[in-house]
2 protein chains.
Amino acid sequence: MMTTRQNQPGSRSKGRVTLSDVARMSGVSAMTVSRALNEPQRVSEQVRERVAQAVDALGYVPNRAARSLAGNRSYTIAVVIPSVSNAVFNNVIRGIYDVCAPAGYEMLMGNTYYSVQQESSLISKFLTHHPDGMIVTGLDMAESTRRQLEAAAIPVVQIMEVGGSAPLDMNVGISHSEAGAAMARYMLERGYRRIGVLGAQMDYRSQRRIQGFIDVLMGAGRADDKRVLTTSEPSTVCLGGQLLADLLLRNPDLDAVFCCNDDLAYGAIYECQRRHIRVPQQLAIAGFNDLEGSACINPSLTSIQTPLYDIGKTAAQMMMRRLAGEVLQQPVVDLGFRLQARDSA
Amino acid sequence: MMTTRQNQPGSRSKGRVTLSDVARMSGVSAMTVSRALNEPQRVSEQVRERVAQAVDALGYVPNRAARSLAGNRSYTIAVVIPSVSNAVFNNVIRGIYDVCAPAGYEMLMGNTYYSVQQESSLISKFLTHHPDGMIVTGLDMAESTRRQLEAAAIPVVQIMEVGGSAPLDMNVGISHSEAGAAMARYMLERGYRRIGVLGAQMDYRSQRRIQGFIDVLMGAGRADDKRVLTTSEPSTVCLGGQLLADLLLRNPDLDAVFCCNDDLAYGAIYECQRRHIRVPQQLAIAGFNDLEGSACINPSLTSIQTPLYDIGKTAAQMMMRRLAGEVLQQPVVDLGFRLQARDSA
DNA sequence: AATATAAATTTTAGCGCTAACATTACGCCG
DNA sequence: CGGCGTAATGTTAGCGCTAAAATTTATATT
């Protein structure tokens, strides 16, 4: 049970342990305590120890707001992604985290839910934290947001895709149209000829994947608009099954389907199981992103493996270098992808 | 391309637009601008408008650090969960967000990855932000962390489970042991007799689910240690298949398996598909959490539906009421669960 | 019109920390 | 042993905002 004084939020605090309390107890100035905590190598060992003891004894917790205000630096990187819950971005986030945390940076994370409006308002909100840098997903954003970011004059890394619109500052990702094209070439090589396409969410990257895929089919004289089914609804496993059902209704003769992400592909495979359609013999299915479950579904799913962790890690590393004052020779990095062939296509 | 002045981080800022710039331009005092932005009903309409214009013209972005420092309140709620990428917690987070965002609160989120150590260090880190409140997962935590939270003297809501250890402050969730027990009773009622149990991750809540399940089996004289297989490895779909394979090796006569979460259950179903074991005729399978995909896998998965969104929403509402100074009559809320019977068991 | 009351606004004083500069202590050399 | 460079510590001032108190202005009441 909570027994003690509850700080009155919204009143002038008293009784909070501050740097000067620690300073008083350890018999040095506040500034020295600050240095003992943030640049320990700059104070003598005995001071370092006395300060550590005082911090412990008093239960001192530094106040980031004060630090940020005084230091004109927040030690915070804002990360703007469509959805933290998405397994795709989770890997990216780990990559960012593994670089930021050891460097003493916090991450401020938020979801856009694939909406340009939500992205704009989220970025506005994040700017009030005065982050030292920002990592945002994708190359496309509202013009006003672009201006806001330029006005903020902080380093920005755009992640996930390269080669779409011109980047604002730094850029790390893969070419989604090339990845889509690679999948199309693979399917054609394997002998599939009546190839369908399923897409949901239809953010810019899904669109580019599908465009790249279709362009290759077109080049081979195998494109057919009737075989492409997309929706702006959020992508779910169940939706994959429904979309496949729709698509087959209009194209009973399909011999393969490219799903613009693995979730849809799972749903499509489930639908085939229910209809006793043998995959890949009667219908081949491929996905995109190569999520954890793709290796163990039946049949195992052919997909495009994207370097998610490395995208996050590289983006954060570039950010750190920029924050250290370095001028990057290569502000745009294409990390490439790998086609993971398995049993489903 | 970034053209303009890059703020030197770590130097005294100049040239940032501040409240007083807005005040000067709109011909009122800084304090009035502050009120115009934060309590608009307390200033005259014309001032409100002039301020809005000046904010627009100057591109003013408030500085949260300054606000937090001056106001002794951060408008931040720290949220400590095992893994943001987990679909389970995603729903909880949405519930929290839907209450916090309209109330003007930010969420500071972090993962413990089911580790008590990581939880401790995360909470320490979060306390440096001086959040106005904290929402943490589960009832169990390191004793030192418990003391830290008490010393911080902020409202705390522990979420996900009720009825385990005594709560620190407020508490919202379900009883995992009761939920496990309910599943066991259901399986016994359906006539299953040689029932196995699979568990991974084995955080406290998984343990309680399994314990509740086994207690009921025991009461019915159907418990058997050999039929329980658990691991502390993180739970994944693929692991579910491997664990089932192991379990069947030692217990070829099983007629049902309870998986302590849906991911494992998916893997178990896949493994059955590969082995041509008919579910549920030869082997029934049940999961826990009722994730999105559980309704459309083949066969559809019997699971325990937990009120994830409502847990988050309720927790945040209790937090808001507490921050408004209210004394809660009911600091512990059990939201209950529902057994979702489907085809797999 | 005088007074009481409420509403709108300003003034003052800091929140807790760190950048920049100032000072002191210490070792080392000629 | 004085002078000098370096390392260690201290002093000053202020980051941008808001709580609280003080003041001015508008509105109601008699």
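Keep in mind that what you see is a predicted model, and the values were worked out from it rather than measured.
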Donor-acceptor contact below 3.5 Å, side chain B/N111 vs main chain B/V84
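Present.
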Can you figure out which of [options] approaches the side chain of [X] most closely?
| X | options | value |
| --- | --- | --- |
| A/V47 | D/dT9, C/dG16, C/dT11 | D/dT9 |
| B/V28 | C/dC17, D/dT11, C/dT10 | C/dT10 |
| B/T32 | D/dT18, C/dT10, D/dG10 | C/dT10 |
| A/V43 | D/dT9, D/dG16, D/dT18 | D/dT9 |
| A/P62 | C/dC17, D/dG10, D/dG16 | C/dC17 |
| B/A70 | C/dT9, C/dT18, C/dG14 | C/dG14 |

Report the distance from atom CZ of B/R35 to atom C1' of C/dA7, rounded to the nearest whole Å.
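The answer, rounded to whole Å, is 11 Å.
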Distance, rounded to the nearest Å, where A/N72 contributes CG and D/dC17 contributes P:
12 Å
Tell me what B/R64 touches on the nucleic acid: a base, only sugar-phosphate, or nothing, going by heavy atoms under 4.0 Å.
nothing
Can you check whether [X] has a side-chain N or O nearer than 4.0 Å to OP1 or OP2 of [N]?
| X | N | value |
| --- | --- | --- |
| B/S29 | C/dT10 | yes |
| A/S44 | D/dA8 | no |
| B/Y60 | D/dC17 | yes |
| B/S34 | D/dT18 | yes |
| B/N38 | D/dT18 | yes |

A/E143, CD: over 12 other non-hydrogen atoms inside 6.0 angstrom:
yes
Any B/Y75 side-chain heavy atom under 4.5 Å of B/R67 side chain:
yes
For the pair B/K313 and B/D310, find out whether any cationic side-chain nitrogen is under 4.0 Å from an anionic carboxylate oxygen.
no
